[in-house]
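Read the structure below first, then the notes.
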Amino acid sequence: MTIVSPHLGTSAEWTDARLLYALEEVVEKELNRHLQVAKDWMPHEYVPWSDGRNFPGIFEDGEAWEKEQSKVTEIGRIALVVNLLTEDNLPSYHHEIASLFGRDGAWGTWVHRWTAEEGRHGIVMRDYLLASRAVDPDKLEQFRMAHMSEGFESDNRHSMLHSVAYVAFQELATRISHRNTGHQSGDPVCDRMLARIATDENLHMVFYRNLLKAAFELAPDLTMQAVRDVVVNFRMPGHGMPGFERAAAQMAIGEVYNLRIHHDDVIQPVLRFLKVMEIDGLGPDGQAAQEELGLYMGGLDAEAAKFDEKLAARKARMAARAAG
């Protein structure tokens with residue numbers, strides 16, 4: 001199969017099939033690098049099993065859940081539920097990327113390896129939450145059923161390039177969310193568990209980020225447009241879960257994930273690594289996308305500054321009340 005050079009052909013000649021073929025060698029290289037640096041770990045080793053006891057049900061000695069039974073903070077509890085419900089949709093995520101990237105060759109090997117590694121995250125988080133009694137187990141299961149019964153469809157399922165661009169940012173966003181949840185949880189055991197998960201998410205981000213870099217070299221105009229679309233329309237994969245908007249607002253105030261974090265710790269690092277705003281020689285569509293991306297980032301920074309001011313004012317009011 002002949003791949004047309006972006007310098008010899010037009011963007012229209014870069015179909016998903018051609019891009020998948022052209023990037024296969026990069027995927028194999030990144031997969032081998034990933035397998036060399038990734039470390040296997042045992043989810044059960046991060047769970048405080050000795051804290052666990054029976055819940056009501058088939059056990060006569062079951063003890064009903066109460067919030068006071070756990071040392072996890074309120075914001076930690078909220079973020080843990082959001083993060084776990086996001087991880088619970090792994091079957092849908094696997095279906096999405098397997099359909100886009102395929103199940104054969106290096107692409108297929110990566111899809112299955114990624115899924116296996118991500119599977120650990122839901123396992124260890126649920127076991128931790130139940131053993132430590134950090135959340136109401138009945139509500140957690142009700143939320144899981146409601147969320148998964150709705151199904152999941154990616155905003156970027158129409159395009160392989162858009163999907164690669166999205167996961168490059170989303171994996172980093174997930175890493176940051178997990179890490180900050182651990183910091184805010186009030187429980188060192190939870191913090192260690194989420195740090196372990198965050199390490200996986202970072203490695204996944206590096207894989208997709210490097211793949212996105214290769215895509216820029218092959219099809220810069222199309223890749224620039226994909227990055228522009230993803231950044232401007234970015235949503236976390238858990239946006240459809242019950243009560244997500246309220247939980248997201250609480251997580252923003254609790255400094256787990258908000259506009260400032262999104263701008264400074266997620267979008268900017270990826271754009272900076274790829275030197276997206278420094279790429280030249282783009283065609284009209286690519287250049288327009290680059291300019292729009294720059295304007296959007298300026299606006300996002302301004303919105304983040306407004307949020308910072310509101311958050312600082314809120315902290316000052318709370319401190320005044322506490323002092324009075």
Side-chain angles (χ1 to χ4, degrees), residues 30 34 79 82-83 86 154-156 159 161-184 194-195 197-217 219-239 248-249 251-282 285-312:
E30 289 302 315
H34 177 84
V82 169
N83 291 349
T86 300
S154 169
D155 296 332
N156 302 287
S159 159
L161 266 183
H162 282 71
S163 295
V164 170
Y166 176 74
V167 288
F169 294 103
Q170 182 266 323
E171 292 282 4
L172 181 53
T174 305
R175 171 208 161 191
I176 295 297
S177 181
H178 282 311
R179 202 68 191 93
N180 289 342
T181 299
H183 292 326
Q184 302 285 358
L194 292 175
I197 293 174
T199 299
D200 281 0
E201 303 289 9
N202 195 63
L203 291 177
H204 297 164
M205 179 276 294
V206 170
F207 177 94
Y208 288 119
R209 184 193 65 186
N210 292 350
L211 192 57
L212 191 57
K213 180 180 180 181
F216 264 115
E217 295 171 359
D221 288 320
L222 282 178
T223 306
M224 185 67 74
Q225 293 172 75
V227 169
R228 182 268 318 274
D229 293 344
V230 164
V231 170
V232 169
N233 300 298
F234 186 87
R235 296 195 296 175
M236 291 294 276
H239 59 81
M251 289 168 67
I253 293 171
E255 298 182 86
V256 172
Y257 200 95
N258 55 39
L259 281 176
R260 175 53 62 201
I261 293 169
H262 182 65
H263 177 278
D264 290 1
D265 300 337
V266 177
I267 304 300
Q268 279 286 31
V270 176
L271 295 181
R272 191 162 47 241
F273 175 86
L274 297 172
K275 299 181 179 178
V276 169
M277 304 312 298
E278 300 172 27
I279 296 174
D280 55 17
L282 295 166
D285 291 339
Q287 189 172 2
Q290 186 182 48
E291 292 171 356
E292 185 179 344
L293 182 60
L295 290 171
Y296 176 81
M297 290 302 295
L300 182 62
D301 188 39
E303 288 297 313
K306 292 179 184 177
F307 176 83
D308 291 341
E309 292 175 4
K310 292 179 181 179
L311 187 59

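As the structure is a computational prediction, the values presented were derived from the model and not from experiment. Reckoned from all heavy atoms, side chains included, excluding hydrogens, waters and symmetry mates.
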Q | Check: Ser163 side chain, Asn156 main-chain N or O, donor-acceptor pair, under 3.5 Å | A | yes
(Q) Checking side chain to side chain contact (heavy atoms under 4.5 Å, CB included) between Tyr257 and each of Val266, Thr181, Asn83, which is the one that passes? (A) Val266
Q: Could you go through the side-chain contact (heavy atoms from CB on, under 4.5 Å) check for Leu212 and Phe273 one step at a time?
A: CA-CA 11 Å; Leu212 191 57; Phe273 175 86; over 6 Å; no
(Q) Let me confirm one number: the CD1-NZ distance from Ile253 to Lys310, rounded to the nearest 0.5 Å. (A) 10.5 Å
**Q.** Shortest non-hydrogen separation from Gln225 to His162 and the atoms involved
**A.** O-NE2, 4.4 Å
Q) Can you name the closest pair of heavy atoms from Val82 and Thr86 and give their distance? A) O-OG1, 2.8 Å
Q: Name the orientation class of the two ring planes belonging to Phe207 and His34 (parallel below 30°, tilted from 30 to 60°, perpendicular beyond 60°).
A: perpendicular
**Q.** Pair Asp265 + Arg260, salt bridge at N-O below 4.0 Å
**A.** no
Please report, to 0.1 Å, the donor-acceptor pairs under 3.5 Å made by any side chain of residues 166-176, with sequence neighbours excluded.
from	atom 1	to	atom 2	distance (Å)
Tyr166	OH	Arg235	O	2.6
Gln170	NE2	Thr174	OG1	2.7
Glu171	OE2	Trp114	NE1	2.8
Thr174	OG1	Gln170	O	2.9
Arg175	NH1	Asn202	OD1	3.1

Q. Quick one: does NZ or CZ of Arg228 land under 6.0 Å from the six-membered ring centre of Tyr296, within 45 degrees of the ring axis?
A. no
Q) What is the minimum heavy-atom distance between Ala252 and Asn258, and which atoms define it? A) O-ND2, 3.1 Å
Q. Do Val231 and Met297 come close enough that some side-chain heavy atom pair is under 4.5 Å?
A. yes
Q) Taking it one step at a time, do Phe234 and His262 satisfy side-chain contact (heavy atoms from CB on, under 4.5 Å)? A) CA-CA 10 Å; Phe234 186 87; His262 182 65; 3.4 Å; yes
Q | Smallest separation among heavy atoms of Leu194 and Gly182, with atom names | A | CD1-N, 3.4 Å
Q | Distance (rounded to the nearest 0.5 Å) between Asp264 CG and Asp301 CG | A | 7.0 Å
Q: Look at the side chain of Asn180 and the backbone N and O of Val256, then say whether any donor-acceptor pair between them is shorter than 3.5 Å.
A: yes
Q: Sort out for me which residue in Leu271, Val230, Ile267, Asp229 forms a side chain to side chain contact (heavy atoms under 4.5 Å, CB included) with Leu293.
A: Leu271
Q: Before accepting this row, confirm whether a basic side-chain N of the pair Lys306/Glu303 lies closer than 4.0 Å to the acidic partner's carboxylate O.
A: yes
Q: Verify, without hydrogens or angle tests, whether Glu255 (side chain) and Met251 (backbone) share a donor-acceptor contact under 3.5 angstrom.
A: no
Q) When you measure from the side chain of Thr223 to the backbone N and O of Ala215, does any donor-acceptor pair fall under 3.5 Å? A) yes
Q: Provide the closest heavy-atom pair for Leu282 versus Gln290 in the form atom of the first, atom of the second, distance.
A: CD1-OE1, 3.7 Å
Q: Could you tell me the separation between the CD atom of Glu201 and the CZ atom of Arg179, rounded to the nearest 0.5 Å?
A: 13.0 Å
Q. Taking side chain as C-beta onward, heavy atoms only, is Asn233 less than 4.5 Å from Asp155?
A. no
Q. Minimum heavy-atom separation for Gln184 to Gly254, with atom names?
A. NE2-O, 3.3 Å
Q. Roughly how far, to the nearest 0.5 Å, is CE of Met277 from CD of Gln268?
A. 9.5 Å
Q. Between Glu30 (side chain) and Leu211 (backbone), is there a donor-acceptor pair under 3.5 Å?
A. no
